[in-house]
*Asks:* 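My structure is below; once you've seen it, I'll send some questions.
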Amino acid sequence: MLDNLMTDDTDITLVDMEAGLEHLSRSGGTLAYADVLVMVMEPSRKSVLTAARTAALADELGIPRTLAVGNKARPDDEQFFADACAEHGVELAAIVPLDDAVTTADRNGISVTQVGADAARQAVIRLVNHLESLEATVS
C-alpha cells in the first residue's frame with residue numbers, strides 16, 4: 001500500500017509507525033521508500049541508544065536522512081538530549097516538552113489545540129517547519 005501511495009504524485013506522505021525495528025528489515029521493509037525517518041525518543045539513555053541503532057539500520061536500508069525528536073522533555077532534559085544525541089551521532093531535530101495538556105487532550109479524545117498545549121504545539125510546529133525545509137534536499 002505504501003509503495004503505491006508513494007509512487008503517485010504525492011509530495012509528502014507521513015506515516016506513524018509503531019515502535020520497533022521490524023519496519024527496517026533488509027528484505028524491503030515498510031520503510032524501504034522513505035526519504036526521512038523521524039525517531040521519537042523518551043528522555044532516557046536507552047531511548048537515545050535505540051535511536052542510534054535505528055539510524056544505523058536506516059542507513060543500511062538506504063534511507064537518506066534520519067532525525068530524532070526528544071519527547072516529554074522537562075527543562076533539564078533538553079541538555080540531556082543534546083549531549084546524548086551528539087555523543088551517539090544522532091541528529092536532534094526538535095524537543096517537545098512534557099505538557100500535561102497533551103495528556104488531558106488524549107484522555108478526552110480532543111486536539112491539543114483545544115486544551116492550550118501551547119509549548120508542545122509550538123515545538124511540533126517548529127519540527128514541521130524543519131521537515132518542510134528538508135523536502136528539497138531529500139527528494
Side-chain angles (χ1 to χ4, degrees):
M1 180 178 89
L2 283 175
D3 182 28
N4 290 335
L5 182 68
M6 293 180 358
T7 57
D8 290 339
D9 292 327
T10 305
D11 289 332
I12 296 173
T13 302
L14 180 65
V15 181
D16 181 9
M17 311 296 271
E18 68 180 84
L21 300 177
E22 61 274 1
H23 308 295
L24 293 166
S25 74
R26 294 186 214 294
S27 61
T30 311
L31 298 174
Y33 301 99
D35 293 319
V36 179
L37 175 63
V38 179
M39 306 167 294
V40 179
M41 304 175 300
E42 299 288 320
S44 71
R45 184 153 305 276
K46 181 178 178 182
S47 190
V48 174
L49 289 171
T50 300
R53 288 187 199 111
T54 302
L57 288 172
D59 186 54
E60 287 178 20
L61 189 62
I63 296 173
R65 191 79 183 261
T66 57
L67 305 170
V69 174
N71 194 30
K72 301 178 185 173
R74 293 177 296 268
D76 58 328
D77 292 330
E78 290 188 26
Q79 191 61 52
F80 164 76
F81 278 124
D83 293 345
C85 286
E87 177 183 344
H88 295 286
V90 174
E91 183 177 348
L92 183 61
I95 297 175
V96 179
L98 180 63
D99 191 329
D100 289 336
V102 173
T103 304
T104 300
D106 185 46
R107 287 182 181 166
N108 293 316
I110 59 176
S111 167
V112 294
T113 60
Q114 295 176 280
V115 292
D118 289 333
R121 184 174 172 270
Q122 291 302 317
V124 170
I125 288 170
R126 286 190 300 275
L127 173 61
V128 168
N129 291 336
H130 181 71
L131 291 171
E132 286 177 339
S133 74
L134 294 177
E135 184 180 5
T137 64
V138 294
S139 296

*Asks:* From Arg74 CZ over to Phe80 CZ, what is the distance, rounded to the nearest 0.5 angstrom?
*Replies:*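 The distance works out to 10.5 Å.
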
*Asks:* Evaluate the side-chain proximity of Asp59 to Thr66: yes if any heavy-atom separation is below 4.5 Å, no if none is.
*Replies:*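 Contact flag for Thr66/Asp59 side chains = no.
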
*Asks:* Going from CG on Leu61 to OG1 on Thr54, what distance comes out if it is rounded to the nearest 0.5 angstrom?
*Replies:*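 If we round to the nearest 0.5 Å, Leu61:CG and Thr54:OG1 are 12.0 Å apart.
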
*Asks:* If you take all heavy atoms of Ala123 and Pro97, which pair is closest and at what distance?
*Replies:*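 What the structure gives for the nearest pair is CB-CD, 3.8 Å.
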
*Asks:* Could you give the distance from OG1 (Thr103) to CG (Leu98), rounded to the nearest 0.5 Å?
*Replies:*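 Spacing of OG1 (Thr103) from CG (Leu98) equals 7.0 Å.
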
*Asks:* How close do Ala58 and Leu37 get, counting heavy atoms only, and between which atoms?
*Replies:*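 The pair with the smallest heavy-atom distance is CB-CD2, 3.8 Å.
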
*Asks:* Kindly compute the distance separating NZ (Lys46) from OG1 (Thr50), expressed to the nearest 0.5 Å.
*Replies:*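 Between atom NZ of Lys46 and atom OG1 of Thr50 there are 6.5 Å.
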
*Asks:* Are Val40 and Val96 co-members of a hydrophobic cluster defined by side-chain heavy atoms under 4.5 Å apart?
*Replies:*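 Not linked; separate clusters.
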
*Asks:* Might you confirm whether atom CG of Asp100 has over 12 heavy atoms from other residues, nucleotides or ligands at distances under 6.0 Å?
*Replies:*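 Open.
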
*Asks:* Report yes if some heavy atom in the side chain of Glu87 is under 4.5 Å from a heavy atom in the side chain of Arg45; otherwise report no.
*Replies:*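 With C-beta onward as the side chain, the pair touches.
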
*Asks:* State whether the side chain of Ser47 and the backbone N or O of Pro43 hold a donor-acceptor pair below 3.5 Å, judged by distance alone.
*Replies:*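 Absent.
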
*Asks:* Are Arg121 and Ile125 side-chain neighbours, meaning at least one heavy-atom pair lies under 4.5 Å?
*Replies:*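 The answer is yes, as the side chains (C-beta and beyond) meet within the 4.5 Å cut-off.
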
*Asks:* What's the separation between atom NE2 in His130 and atom CG in Leu67, rounded to the nearest 0.5 Å?
*Replies:*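 Here the rounded value is 5.0 Å.
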
*Asks:* So how far is it from Ile95 CD1 to Arg126 CZ, rounded to the nearest 0.5 Å?
*Replies:*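 Nearest 0.5 Å value for the CD1-CZ distance: 9.5 Å.
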
*Asks:* Are Leu49 and His88 packed together at the side-chain level, in the sense that at least one heavy-atom pair is separated by less than 4.5 angstrom?
*Replies:*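 A side-chain contact under 4.5 Å exists here.
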
*Asks:* What pair of heavy atoms forms the shortest contact from Val69 to Val38, and how long is it?
*Replies:*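 Taking Val69 first and Val38 second, the nearest heavy atoms are CG2-CG1, 3.6 Å.
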
*Asks:* With heavy-atom distances below 4.5 Å as the criterion, would you say the side chains of Met41 and Leu92 are in contact?
*Replies:*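 The answer is yes; the side chains approach within 4.5 Å.
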
